[in-house]
Amino acid sequence: RQEEKEDLQRRIAETEQMALKSQMNPHFIFNSLNSIQQYVIEGDVKGANSFISGFSKLIRQTLDFSSKERITLDEEISYLKNYLQLEKNKMEDIFQYEVTIQTTQSLTDILIPPLLLQPYVENAVRHGVRSLKNKEGIIHLFFIEKDDFLECRIEDNGIGRERALQLKSKNPIEYQSKGMSLTANRVDLLNKSSDRSIQIIID
């Protein structure tokens, strides 16, 4: 009976994780369609075609990864680079991005839960470097292997959380991102159903 109970709890947790991941897909689509719309408004056909190509790849990756419990670190980094390039093009190169990898293992051998990091990268873009006026924004992604765990760190030189909240109160965004809160809920579920815990720190 105990084994049946544990198996049921595991299946419930997996179902809830899938539900949370499915809620993130419309979030991606909403923001990307806004970007395409902006190109159309500005009459930039070449820019629109390029963005649609990258956007299509992102959608394919999102749908593919949403059905998996784990993806490789190589796939995750490719996914985040694609997303950042789309935002960089849309924002007329107001920021650059860098990726630093420090691991003794192959990136294809390291497995992580899919779609956990993108909401935090998006936060760095939309509430950090987006408001810079000098086009000198930098978003730096770090993937560092330490002992028996992997540190995934996202840094930006944006305006800071306090200033971003002030601007948000003056210019409210119609669609409020729920990606980070959904991810926090997913992490809670993952930690309850796995021996390996995930920790999120925002500072």
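All values below were derived from every heavy atom in this structure, side-chain atoms included, with hydrogens, water molecules and symmetry-related copies excluded.
- Checked for salt-bridge contact, Arg60 and Asp64 miss the test: no charged N lies under 4.0 Å from a carboxylate O.
- Residues passing the side chain to side chain donor-acceptor pair (under 3.5 Å) test with Thr72, sequence neighbours excluded: Glu75.
- The side-chain heavy atoms of Ile52 and Tyr39, taken from C-beta on, include no pair separated by under 4.5 Å.
- Judged by distance alone, the side chain of Glu145 and the main-chain N or O of Thr104 form a donor-acceptor pair under 3.5 Å.
- Ser50 contributes no side-chain N or O that, together with a main-chain N or O of Lys46, makes up a donor-acceptor pair within less than 3.5 Å.
- Residue Asp195 places its CG atom among 12 or fewer non-hydrogen atoms of other residues, nucleotides or ligands, all under 6.0 Å distant.
- Formation of a donor-acceptor pair under 3.5 Å by the Asn89 side chain with backbone atoms of Gly47 is not found in this model.
- Within a 6.0 Å radius of CD in Glu42, more than 12 heavy atoms belonging to other residues, nucleotides or ligands are found.
- When the shell of 6.0 Å around NZ of Lys135 is examined, it contains more than 12 heavy atoms from other residues, nucleotides or ligands.
- Checked by atom type and distance alone, the side chain of Asp74 never pairs as donor or acceptor with a backbone atom of Thr108 at under 3.5 Å.
- For Tyr97, the side chain to side chain donor-acceptor pair (under 3.5 Å) test picks out Gln85, with sequence neighbours left out.
- Remark: the backbone N or O of His127 is not paired with any side-chain donor or acceptor of Asp156 at under 3.5 angstrom.
- A salt bridge does not link Arg130 with Glu87: every distance from a Lys NZ or Arg NE/NH1/NH2 to an Asp or Glu carboxylate oxygen is 4.0 Å or more.
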